[in-house]
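Below: one structure, written as structure tokens.
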Amino acid sequence: GDLWISMAIHQGACRCLRRARTPEIVAAITAHAPSLAERLATAGFPGAQVTASLWDGNRLAEAGRLVAQMAGVDVRA
């Protein structure tokens with residue numbers, strides 16, 4: 001699709017970054033960011049930050065970033 005959503009916990013707060021391919025979608029997300037943050041707080045993520053930015057749509061690059069973040073993480077049970 002035309003949307004990529006990343007969520008992470010940073011300094012105890014949820015950061016939700018939504019990247020979209022068109023300025024109109026970025027504007028819509030930005031307009032509703034406070035409501036989205038409230039919903040995240042209700043779901044157990046108080047102090048959540050919701051942001052939006054333009055995105056080039058490169059899913060392969062995003063997948064590479066996800067893999068790079070996991071480098072060195074021990075996932076053995």
For [X] versus [Y], what's the shortest heavy-atom pair and its separation?
| X | Y | value |
| --- | --- | --- |
| Cys14 | Met7 | SG-CE, 3.4 Å |
| Ala20 | Ile25 | CB-CG2, 3.4 Å |
| Ala37 | Ala48 | CB-O, 3.6 Å |

ILVMFWY network linking Ile9 to Leu36, side-chain heavy atoms under 4.5 angstrom: yes
Close side-chain approach of [X] to [Y], heavy-atom, < 4.5 Å:
| X | Y | answer |
| --- | --- | --- |
| Leu3 | Ile29 | yes |
| Arg18 | Ser6 | no |
| Leu17 | Ile5 | no |

Between CG of Leu66 and CD of Glu62, what distance do you get to the nearest 0.5 Å? 7.0 Å
Look up atom CZ in Arg65 and atom CG in Asn58, then write down how far apart they are to the nearest 0.5 Å. 7.5 Å
Sequence neighbours excluded, every pair satisfying ring pair (Phe, Tyr, Trp, His ring centres under 6.0 Å) that has a member inside residues 4-40: Trp4-Trp55
Taking the hydrophobic residues Ile, Leu, Val, Met, Phe, Trp and Tyr, and joining any pair whose side-chain heavy atoms are under 4.5 Å apart, which ones share a cluster with Leu54? Val26
Passes side-chain contact (heavy atoms from CB on, under 4.5 Å), Leu40 versus Val50? Steps please. CA-CA 9 Å; Leu40 285 168; Val50 176; 3.9 Å; yes
Can you list every side chain to side chain donor-acceptor pair (under 3.5 Å) pair that touches residues 33-54, not counting sequence neighbours? Arg15-Gln49
